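What follows is a single structure, written as structure tokens, with notes after it.
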Amino acid sequence: MIELSKSVSKINSSATITMSALANKLKSEGQDIISLSAGEPDFGTPKHIQEAAIKAIKAGKTKYTNPDGMPELKEAISQKFITENDLKYEATQISVGTGGKQILYNALMATLNPDDEVIIPAPYWVSYPDMVKLAGGSPKIIKTASENNYKLRPNDLRASITEKTKWLIFNSPSNPTGAGYTFKELKKLTDVLLEFPQVHILTDDIYEHLTFGNFKFVTPAQVEPKLYSRTLTCNGVSKGYAMTGWRIGYAGGPEKIISAMRKIQSQSTSNPCTISQWAALAALTGKKDFILENKIIFQERRDLVVKKLNGINGISCPIPDGAFYVYPDIKQLIGKKTQSGTVIFNDEQFALSLLEEENVAVVFGAAFGLSPNFRISFATSTHELQIACDRISSFCARLTN
Ligand code: PMP
Ligand code: GLU
């Protein structure tokens, strides 16, 4: 039997993807599963974007492009950064990859050496620590607290920076909590970062367009222009444009990092799908009214889910500022017994028992580095969300001491 690499043995499969796949498998076997595990919009890709892709195919735009994106798309991304984020990135400072995921991975592969530390506030998106490990670095996790709405505090950031810190990974609105940093809150963090020139900022802005109420999205290099030269601003079309399967993500940042990322891509995947690049161009340059329409629907669902969950004894659910997740705290349910006698000794057991007894798939908090919680993606029809919350409620009502 072949011996696997040391780096692959240090990582797990993505828990979000594993949970979604399990839910899909059970569904295909005929079980009445409601899956709240997948972090992807349930809306279809808008028509004008689909049509741009079909047009590209028919016009023969089916060949390789530059490894890190075609000039037309880089130009559109450059414009997007100017108009939406007040950031100026030339084409040579832009990288397009196969999803935001590949962009983040390339950036870490391009910059990490053994011993380099990467600060990751928890709860975090499941892939960050494992990507850091794959790239040979060490994740340094800072736990946040529900009292602070799961946001990183400036003093905690300062206390965890060492000589070896290379990156801070920043994600607002956050997966899995939906917490968003206001200008003022982010400024306090960027003030700390100004004190430490060795630290770079990898900001994951993928949920930029999914914000609620009065929350206004801002990104680190916009809040503190002095950090521009050490920030990699990452984004993509998956979430805001309902284009998860098209696989287009991008970043703007220092030319040195961008060229190293290009080198990696030229030796691994080559260019992201050409047809998807034409579709992403249509997304970034075309009409955007659907973004607002989708946001209104997501906000209604958020309000429904938060209200329903907070009505359940033992569950406490903060109100997210953006994205399409809630991350309720289930401290009070740990140690209780299900009707079949299983002890809910941690959040993973909670998720497993909920799936077994009520056919509702959620992702357990341990996968995101902060327990005991679970994540619900409310990118699901309002009808299904209602039924799922009722099932969670009856599951919890049956728990005994
Ligand atoms: N960052 C975060 C926080 C995410 O939730 C996701 C979703 N998979 C991604 C990046 C990557 O998305 P994609 O690769 O589809 O662009
Ligand atoms: N980002 C989504 C999620 O967190 C998609 C799955 C993944 O890439 O992890 O569920």
Side-chain angles (χ1 to χ4, degrees), residues 11-24 35-42 45 69 73 77 95-108 120-132 134 150 167-181 202-211 217 219 232-251 265 269 272-273 276-277 279-280 283-284 298 320-327 351 361-370 373-380:
I11 65 162
N12 295 308
S13 296
S14 162
T16 48
I17 292 181
T18 307
M19 209 54 197
S20 309
L22 174 63
N24 287 339
S35 178
L36 308 179
S37 49
E40 67 177 341
D42 52 320
T45 303
L73 181 54
I77 292 167
S95 183
V96 185
T98 300
K101 209 172 213 169
Q102 190 194 15
I103 287 291
L104 297 166
Y105 182 67
N106 285 350
L108 294 167
I120 306 174
Y124 46 69
W125 177 43
V126 293
S127 295
Y128 298 146
D130 282 350
M131 281 187 190
V132 169
L134 269 179
Y150 299 113
W167 289 106
L168 160 69
I169 300 186
F170 178 77
N171 176 219
S172 166
S174 143
N175 178 1
T177 65
Y181 291 73
L202 210 169
T203 178
D204 180 353
D205 297 352
I206 198 117
Y207 295 102
E208 166 177 19
H209 291 303
L210 295 165
T211 55
F217 169 85
T219 188
L232 189 71
T233 306
C234 305
N235 210 319
V237 294
S238 283
K239 315 289 177 170
Y241 295 88
M243 291 178 70
T244 44
W246 299 78
R247 311 306 304 129
I248 298 290
Y250 56 85
Q265 209 156 307
T269 57
C273 170
S276 298
Q277 289 191 64
L284 293 178
F298 278 134
D321 304 301
F324 34 65
Y325 308 107
V326 285
Y327 198 64
V362 298
V363 188
F364 55 93
F368 304 94
L370 197 99
N373 292 65
F374 66 96
R375 187 192 79 172
I376 279 183
S377 160
F378 52 82
T380 306

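Indexing begins at 1, ligand by ligand and atom by atom, following the structure's order. Bear in mind the structure is a predicted one, so any value in this text is a computation, not a measurement.
Some N or O of N175 is nearer than 3.5 Å to an N or O of ligand 1, by distance alone. Where the criterion is an N or O separation shorter than 3.5 Å, residue side chain and backbone included, T98 fails it with respect to ligand 1. Residue G39 has at least one N or O atom closer than 3.5 Å to an N or O atom of ligand 2. The distance criterion of under 3.5 Å between nitrogen or oxygen atoms is met by R375 with respect to ligand 2. Among the atoms of Y128, none of the N or O lies under 3.5 angstrom from an N or O of ligand 1.
Judged by distance alone, with hydrogens and angles left aside, the side-chain atoms of S377 form no donor-acceptor pair with the main-chain N or O of G39 at under 3.5 Å. Using modelled atom types, no side-chain atom of R375 and backbone atom of T177 make a donor-acceptor pair closer than 3.5 Å. The backbone N or O of I248 sits nowhere less than 3.5 Å from a side-chain atom of Q277 that would complete a donor-acceptor pair. With hydrogens and angles disregarded, no donor-acceptor distance shorter than 3.5 Å links the side chain of Y327 to the backbone of Y150. Between the Y241 side chain and the L284 main chain, no donor and acceptor come within less than 3.5 Å of each other.
Residue contact check for ligand 2: S127 places no non-hydrogen atom closer than 4.0 Å to it. Remark: distances from the non-hydrogen atoms of R247 to ligand 1 include one below 4.0 Å. Heavy atoms of E40 come nearer than 4.0 angstrom to ligand 2 in no pair at all.
No option in T233, D204, D205 other than D205 meets the side-chain hydrogen bond (donor to acceptor under 3.5 Å, both in side chains) test with T219.
Aromatic pair F324/Y207: centroids less than 6.0 angstrom apart.
Atoms of ligand 1 found under 4.0 Å from any heavy atom of G99, numbered from 1 in the order shown, are 14 (O), 16 (O). Atoms of ligand 2 lying under 4.0 Å from any heavy atom of Y325, numbered from 1 in the order shown and given with element: 2 (C), 3 (C), 4 (O). Residue S14 approaches ligand 2 through these ligand atoms, each under 4.0 Å from one of its heavy atoms: 9 (O). For ligand 2, the atoms sitting less than 4.0 Å from at least one non-hydrogen atom of K101 are 7 (C), 8 (O), 9 (O), numbered in the order shown with element in parentheses. Counting atoms of ligand 1 from 1 in the listed order, those under 4.0 Å from a heavy atom of S238 are 13 (P), 15 (O), 16 (O).
Nearest heavy atoms, V126 versus A367: CG1-O, 3.2 Å. Contact between P41 and A242 at its shortest, heavy atoms only, is CG-CA, 4.0 Å.
Looking from atom 16 (O) of ligand 1 to the surrounding protein, the closest heavy atom is G100 N, 2.6 Å. Protein heavy atom nearest atom 1 (N) of ligand 2, with residue, atom name and distance: K239 NZ, 3.1 Å. The protein heavy-atom contact nearest to atom 1 (N) of ligand 1 is D204 OD2, 2.5 Å. Counting protein heavy atoms only, atom 6 (C) of ligand 2 is closest to T16 OG1, 3.6 Å. Of the protein's non-hydrogen atoms, the one nearest atom 12 (O) of ligand 1 is I206 CD1, 3.8 Å.
For atom 9 (C) of ligand 1, the choice among W246, Y250, W125, Y325 with the nearest heavy atom turns out to be W125. For atom 8 (N) of ligand 1, the nearest non-hydrogen atom from the set K239, K101, E40 comes from K239.
By the criterion of a heavy-atom distance under 4.0 Å, the side chain of N171, and not its backbone, is placed next to ligand 1.
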